[in-house]
Amino acid sequence: MKLPVALAIVVGVIGAVLTYLYVGPLAGLGLFVPATFIGAASFFAAGGDTAGLKKSLAGNIWGIIWATVALIVIGLVSGPVMVGIVVGAATAVLILGAFIPLFDFVPGGVFGFATTAGFGLLTKASGTDFSLPTGPFTVMLISFIIGGLYGYVASIIVGKLVASAPASSEV
């Protein structure tokens with residue numbers, strides 16, 4: 001089976017199941033479908049292997065932490081100018097974290113930061129709220145971890161589908 005076909009099938013099926021769970025039986029947890037899909041994409045962007053999973057999750061969590069710090073500080077200031085300054089400063093610190101090898105996958109950090117900050121700002125959630133389903137940190141942390149694992153499991157299944165296909169089936 002060709003790689004794009006295997007990816008389409010596996011990622012599509014797992015994505016459908018996770019979405020069903022998030023909006024159905026697990027809806028009360030408030031898990032965020034976009035963050036899970038971005039977490040999976042982050043895994044593939046970081047290499048799509050075990051090292052990529054570690055790099056991606058470390059970056060995602062780094063971003064989630066800095067977005068949470070920004071949301072906490074935003075709760076202490078007022079006005080759009082101050083909100084912009086806080087977000088800009090937190091983003092700068094997030095990116096400077098690339099000097100630490102564990103956090104050098106900057107796109108992963110930006111994915112976590114943007115999703116968490118966006119969720120918090122749009123829902124007007126407090127950065128000090130760590131509960132489900134309303135706490136930006138907790139909702140994003142769990143959603144991104146599931147996303148990274150989603151990507152990891154998908155890569156294993158896709159690898160088996162692509163490797164098991166006879167050469168004559170390739171078109």
Side-chain angles (χ1 to χ4, degrees), residues 11 14-15 18-24 26-155:
V11 172
I14 295 173
L18 286 173
T19 300
Y20 160 75
L21 291 171
Y22 283 22
V23 301
L26 302 178
L29 297 177
L31 300 176
F32 198 56
V33 173
T36 296
F37 277 74
I38 294 167
S42 179
F43 160 78
F44 284 108
D49 54 13
T50 304
L53 178 63
K54 292 175 188 172
K55 180 181 255 191
S56 175
L57 285 176
N60 297 154
I61 293 167
W62 180 247
I64 292 166
I65 289 168
W66 280 103
T68 302
V69 169
L71 290 170
I72 291 168
V73 175
I74 287 167
L76 303 173
V77 301
S78 63
V81 170
M82 288 305 298
V83 170
I85 290 170
V86 169
V87 168
T91 303
V93 173
L94 158 80
I95 293 170
L96 289 171
F99 283 114
I100 301 167
L102 182 63
F103 305 126
D104 68 356
F105 182 55
V106 173
V110 173
F111 298 152
F113 183 94
T115 309
T116 306
F119 178 86
L121 291 170
L122 293 173
T123 63
K124 299 189 184 336
S126 169
T128 60
D129 178 358
F130 291 93
S131 65
L132 288 173
T134 55
F137 177 86
T138 309
V139 169
M140 293 305 140
L141 179 68
I142 294 170
S143 297
F144 269 95
I145 289 171
I146 292 170
L149 295 174
Y150 161 25
Y152 183 74
V153 169
S155 74

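Since the structure is predicted, the reported quantities are computational estimates derived from the model, not experimental observations.
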request  = Identify the heavy atoms of Phe113 and Ala90 that sit nearest to each other, and give their distance.
outcome  = CE1-CB, 3.7 Å

inquiry  = How long is the straight-line distance from OG1 of Thr91 back to CD1 of Ile95, given to the nearest 0.5 Å?
reply    = 6.5 Å

With Phe111 via ring pair (Phe, Tyr, Trp, His ring centres under 6.0 Å) - residues at least two apart = none

inquiry  = Take a 6.0 Å sphere around OH of Tyr150 and say whether it holds more than 12 heavy atoms from other residues, nucleotides or ligands.
reply    = yes

query = Considering all heavy atoms of both residues, which atom of Phe44 and which atom of Ala154 are nearest to each other, and what is their separation?
reply = CZ-CB, 4.4 Å

ask   = Under the ring pair (Phe, Tyr, Trp, His ring centres under 6.0 Å) test, which residues partner Phe130, sequence neighbours left out?
value = Phe137

Using a 3.5 Å cut-off and no angle test, enumerate the donor-acceptor pairs between side-chain atoms of residues 45-52 and protein atoms at least two apart in sequence or in another chain.
residue: Asp49; atom: OD1; partner: Ala51; partner atom: N; Å: 3.4
residue: Asp49; atom: OD1; partner: Gly52; partner atom: N; Å: 2.7

message = Just to verify, what does Ala41 make a side chain to side chain contact (heavy atoms under 4.5 Å, CB included) with, not counting sequence neighbours?
response = none

If you look only at distance, which donor and acceptor atoms sit under 3.5 Å apart when one is on a side chain in residues 27-39 and the other is two or more places apart or in another chain?
residue: Thr36; atom: OG1; partner: Tyr22; partner atom: OH; Å: 2.6
residue: Thr36; atom: OG1; partner: Ser143; partner atom: O; Å: 2.9

Tabulate below the donor-acceptor pairs under 3.5 Å that side-chain atoms of residues 96-105 make, not counting sequence neighbours, or state none.
none

request  = Using the test side-chain hydrogen bond (donor to acceptor under 3.5 Å, both in side chains), find all partners of Ser42 that sit at least two apart in sequence or belong to another chain.
outcome  = Ser56, Asn60

remark   = Residue pairs meeting side-chain hydrogen bond (donor to acceptor under 3.5 Å, both in side chains), one or both in residues 108-126, sequence neighbours left out, come to Ser126-Thr128

task = Using side chain to side chain contact (heavy atoms under 4.5 Å, CB included) as the criterion, list what pairs up with Val153, not counting sequence neighbours.
result = Ile14, Ile157

N/O donor to acceptor pairs below 3.5 angstrom from side-chain atoms of residues 61-85, sequence neighbours left out:
residue: Trp62; atom: NE1; partner: Leu94; partner atom: O; Å: 2.9
residue: Thr68; atom: OG1; partner: Ile64; partner atom: O; Å: 2.8

task = Verify side-chain contact (heavy atoms from CB on, under 4.5 Å) between Val139 and Thr134, making sure each step is shown before the conclusion.
result = CA-CA 7 Å; Val139 169; Thr134 55; over 6 Å; no

